[in-house]
Q: 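Attaching a single structure in structure tokens format; questions to follow.
Counting starts at 1 for both ligands and their atoms, following the listed order.
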Amino acid sequence: MIKVLFASSEIYPFAKTGGLADVSDAFPFALKNRVDISRITPLYSFMQKKSLKPYESFVLVVGETDYEIEIFTQTDNGLVTYFVEAPFLSTTPHLYGDATGDYPNNDLRFGLFCRAIVELSLRLGIEVLHLNDWHTALSALFIKEFNLNIKTIFTIHNLAYHGVFTYSTLSNLSIDSKHYNFEGLEFYDRVNFLKAGITYSDLITTVSPSYAQEILTPEFGCGLDAHLRHHQKKLSGILNGINYNTFNPQSGLDFPYDNNTLENKHKNKVAFIKQSTLKDPRIPLFVMVSRLVQQKGLDLLLESLEEFLQKRVNLFILGEGNAEICEKLQTVAQKHENFEFLQGYDESLSHKIYAVADFLLMPSRFEPCGLNQFIAMHYGTIPIVHAVGGLKDSVHEQTKECGKGIVFENQTKEDFLLAIQRALEFKKESKKFKATIEFNMECDFSFTHGSLEYLKLYESLV
Ligand code: ADP
């Protein structure tokens with residue numbers, strides 16, 4: 001079996017800020033019987049070190065400094081995860097930054113992580129190193145630089161996040177300045193980690209076929225579209241999936257259910273509405289569980305909110321992110337008894353919200369893949385999505401394909417409110433609505449299919 005190491009800066013349930021953690025949970029488990037796969041991730045300060053086993057330690061000489069690296073392991077259902085404890089990387093309270101912004105030494109933190117990934121790959125005899133997003137991207141450069149016989153595949157989960165630093169990063173990380181050019185790491189007079197993944201990896205993937213096309217255009221390319229077009233031959237798009245053990249309507253709920261016991265979904269809803277500030281459980285419940293940033297279409301939602309709330313709807317939003325957006329949502333929520341906004345991050349509550357809702361809102365401006373729509377459909381909740389990126393590939397209104405929902409073409413208030421209207425009318429057709437929920441719950445949104453596509457890519461490399 002091919003020996004693969006899957007490197008990610010976040011893995012659920014150890015650390016999570018978004019979908020990357022979910023994929024790092026779902027994907028390796030889906031593949032583990034077909035390849036010899038293990039995972040590597042940082043040991044953050046908030047993790048339970050006591051539950052991990054010391055594995056080995058080594059010194060990395062980077063810049064002028066010797067850095068002590070400790071590796072710990074944990075095995076879950078036959079899947080081994082390696083945790084990297086390194087100076088700076090493992091001492092901050094959060095993953096990437098706090099309310100004041102990103103940690104200024106993220107270049108050193110994740111540069112060391114990348115060197116440790118390469119060192120462990122060598123020690124483990126890894127054949128294919130699967131890198132994810134900018135935090136792991138420099139590993140591809142180090143592998144080329146040290147002339148190692150390890151193939152690399154780099155997955156872009158969100159092109160909007162680059163990891164950009166000043167020129168001094170190069171010497172701090174012992175990176176030869178010959179890489180500082182348009183072909184390599186240079187990006188508007190700065191060092192761009194994500195570019196390292198694009199330039200030096202053997203293959204590049206992104207998380208949906210549509211996003212793989214979109215990022216080649218100036219509109220979605222985040223300044224890297226020309227560079228991606230240059231490397232287009234290496235690029236493909238594979239749709240993400242979710243872990244059905246993690247997201248499971250049969251567990252963690254007051255009234256567990258499946259597609260034969262949907263009356264329990266309604267019982268959960270009634271109980272939830274009782275505990276919330278919302279009033280009537282008979283009114284259609286729209287929800288959003290999201291990072292509250294522009295990407296997720298919060299500007300469109302805010303623009304449409306007053307008109308939306310005039311309709312016969314309940315709205316519940318769980319999320320955190322941009323302070324201004326949160327403040328605006330809070331102000332509107334205070335005026336309307338059919339809208340509750342809960343600011344924060346709460347994993348187990350999020351599962352309940354997917355379970356109790358009738359509709360999930362995803363008006364994203366851009367969406368590499370999106371996982372919320374899969375989670376929602378698996379819990380029998382109908383997604384309402386803007387036709388972009390992975391949402392376009394996974395939610396269908398007109399065709400009979402798996403993944404039925406409400407889809408609007410243009411990211412405008414008019415189209416969004418028309419989609420809401422269609423949703424409300426659809427809900428009234430109770431037989432059809434129930435049949436659609438049952439149909440979605442029978443669809444396979446797991447990583448089974450996607451992982452087989454990745455397997456083909458691995459096989460093409462070795
Ligand atoms: P992204 O990675 O861009 O944030 P995805 O749709 O890929 O978006 O994944 C989002 C994941 O994060 C989902 O599992 C979603 O339920 C979860 N999530 C987002 N915000 C919150 C929150 N405030 N509380 C709990 N879970 C959240």
Side-chain angles (χ1 to χ4, degrees), residues 8-27 94-96 132-135 155-161 205-208 210-211 214-215 220 222 237-249 252 287-298 301 316-323 325-326 329-330 340-357 360-379 381 383-386 388-395 403 405 445-447 450:
S8 174
S9 61
E10 46 185 279
I11 300 178
Y12 179 81
F14 308 109
K16 172 170 169 178
T17 68
L20 174 61
D22 290 328
V23 171
S24 307
D25 169 38
F27 173 77
H94 303 283
L95 284 77
Y96 314 124
N132 295 278
D133 278 353
W134 71 262
H135 324 89
T155 300
I156 300 168
H157 293 260
N158 193 335
L159 190 68
Y161 299 95
T205 68
T206 187
V207 289
S208 68
S210 286
Y211 194 58
E214 289 170 354
I215 57 178
F220 294 96
C222 303
I238 299 176
L239 204 61
N240 278 338
I242 55 169
N243 186 338
Y244 275 17
N245 292 324
T246 305
F247 295 104
N248 183 358
V287 301
M288 208 167 167
V289 178
S290 182
R291 286 186 297 121
L292 300 175
V293 292
Q294 232 191 17
Q295 177 202 336
K296 301 292 178 181
L298 266 301
L301 184 80
F316 191 99
I317 296 182
L318 169 68
E320 64 178 4
N322 181 287
I325 293 174
C326 292
L329 288 173
Q330 209 60 269
E340 180 169 350
F341 168 49
L342 192 62
Q343 191 175 340
Y345 190 96
D346 188 330
E347 187 68 35
S348 72
L349 177 64
S350 76
H351 295 211
K352 283 191 186 133
I353 293 170
Y354 289 114
V356 301
L360 173 89
L361 298 176
M362 285 190 86
S364 307
R365 277 187 178 199
F366 70 94
E367 196 59 78
C369 177
L371 295 173
N372 312 46
Q373 77 277 22
F374 295 127
I375 305 170
M377 291 189 282
H378 186 52
Y379 277 91
T381 294
I384 300 175
V385 307
H386 173 216
V388 73
L391 297 176
K392 190 155 91 182
D393 296 340
S394 57
V395 183
F445 303 118
S446 76
F447 232 118

Q: When you look for heavy atoms under 4.0 Å from ligand 1, do you find them on the side chain of Asp22, its backbone, both, or neither?
A: side chain
Q: Which atom names give the shortest non-hydrogen contact between Thr381 and Ala355, and what distance separates them?
A: OG1-O, 4.5 Å
Q: Which is closest to atom 12 (O) of ligand 1 by heavy-atom distance: His351, Met288, Gln373, Lys16?
A: Lys16
Q: Go through ligand 1 atom by atom and flag the ones less than 4.0 Å from a non-hydrogen atom of Arg291.
A: 1 (P), 3 (O), 4 (O), 20 (N)
Q: Under 4.0 Å from a heavy atom of Gly319: which atoms of ligand 1 are those, numbered in the order shown and with their elements?
A: 23 (N)
Q: Compute the shortest N/O to N/O distance between Phe247 and ligand 1 and return yes if it is under 3.5 Å, no if not.
A: no
Q: On a heavy-atom basis, which atom in Asp22 and which in Lys16 lie closest, and how many Å separate them?
A: OD1-NZ, 2.9 Å
Q: Just need the protein heavy atom nearest to atom 21 (C) of ligand 1, so name the residue and atom and give the distance.
A: Tyr345 CE1, 3.5 Å
Q: Are Val287 and Leu360 packed together at the side-chain level, in the sense that at least one heavy-atom pair is separated by less than 4.5 angstrom?
A: yes
Q: If you measure from each non-hydrogen atom of Thr17 to ligand 1, which part falls under 4.0 Å: side chain, backbone, both or neither?
A: neither
Q: Give the contacting part of Cys369 toward ligand 1: side chain, backbone, both or neither, where contact means a heavy-atom distance below 4.0 Å.
A: neither
Q: Would you say Glu367 has any N or O atom under 3.5 Å from an N or O of ligand 1, going by distance alone?
A: no
Q: When rounded to the nearest 0.5 angstrom, what is the spacing between OG in Ser24 and NE2 in His157?
A: 6.0 Å
Q: Looking only at protein heavy atoms, which one is nearest to atom 8 (O) of ligand 1, and what is the separation?
A: Lys296 NZ, 3.1 Å
Q: Tell me, please: is Tyr354 in heavy-atom contact with ligand 1, that is, under 4.0 Å?
A: yes
Q: Short N/O distance, under 3.5 Å, between Met362 and ligand 1?
A: no
Q: Which residue owns the protein heavy atom closest to atom 2 (O) of ligand 1, what's the atom, and how far is it?
A: Gly19 N, 2.6 Å
Q: Minimum distance, heavy atoms only, to atom 19 (C) of ligand 1: which one of Ser350, Ala160, Ser290 is it?
A: Ser290
Q: Taking non-hydrogen atoms only, is His157 closer than 4.0 angstrom to ligand 1 via side chain, backbone, both or neither?
A: neither
Q: Between Tyr12 and Glu10, does any side-chain donor sit less than 3.5 Å from a side-chain acceptor?
A: no
Q: Does ligand 1 have an atom that lies less than 4.0 angstrom from a heavy atom of Gly344?
A: yes
Q: Counting the benzene-type ring for Trp, do His378 and Tyr354 have ring centres under 6.0 Å apart?
A: no
Q: Hey, what do you get for CZ (Phe27) to OG (Ser8), rounding to the nearest 0.5 Å?
A: 11.5 Å
Q: On a heavy-atom basis, which atom in Ala160 and which in Cys222 lie closest, and how many Å separate them?
A: CA-SG, 3.7 Å
Q: Do side-chain atoms of Asn158 reach the backbone of Tyr161 as a donor and acceptor pair under 3.5 angstrom?
A: no
Q: Looking only at side chains, do Asp393 and Ser210 share a donor and an acceptor under 3.5 Å apart?
A: yes
Q: Using the side-chain hydrogen bond (donor to acceptor under 3.5 Å, both in side chains) definition, which of the options Asp133, Thr205, Thr206 pairs with Thr155?
A: Thr205
Q: For atom 25 (C) of ligand 1, which protein heavy atom lies nearest, and how many Å away is it?
A: Asp346 O, 3.4 Å
Q: Any nitrogen or oxygen of Asn372, main chain or side chain, under 3.5 Å from a nitrogen or oxygen of ligand 1?
A: yes
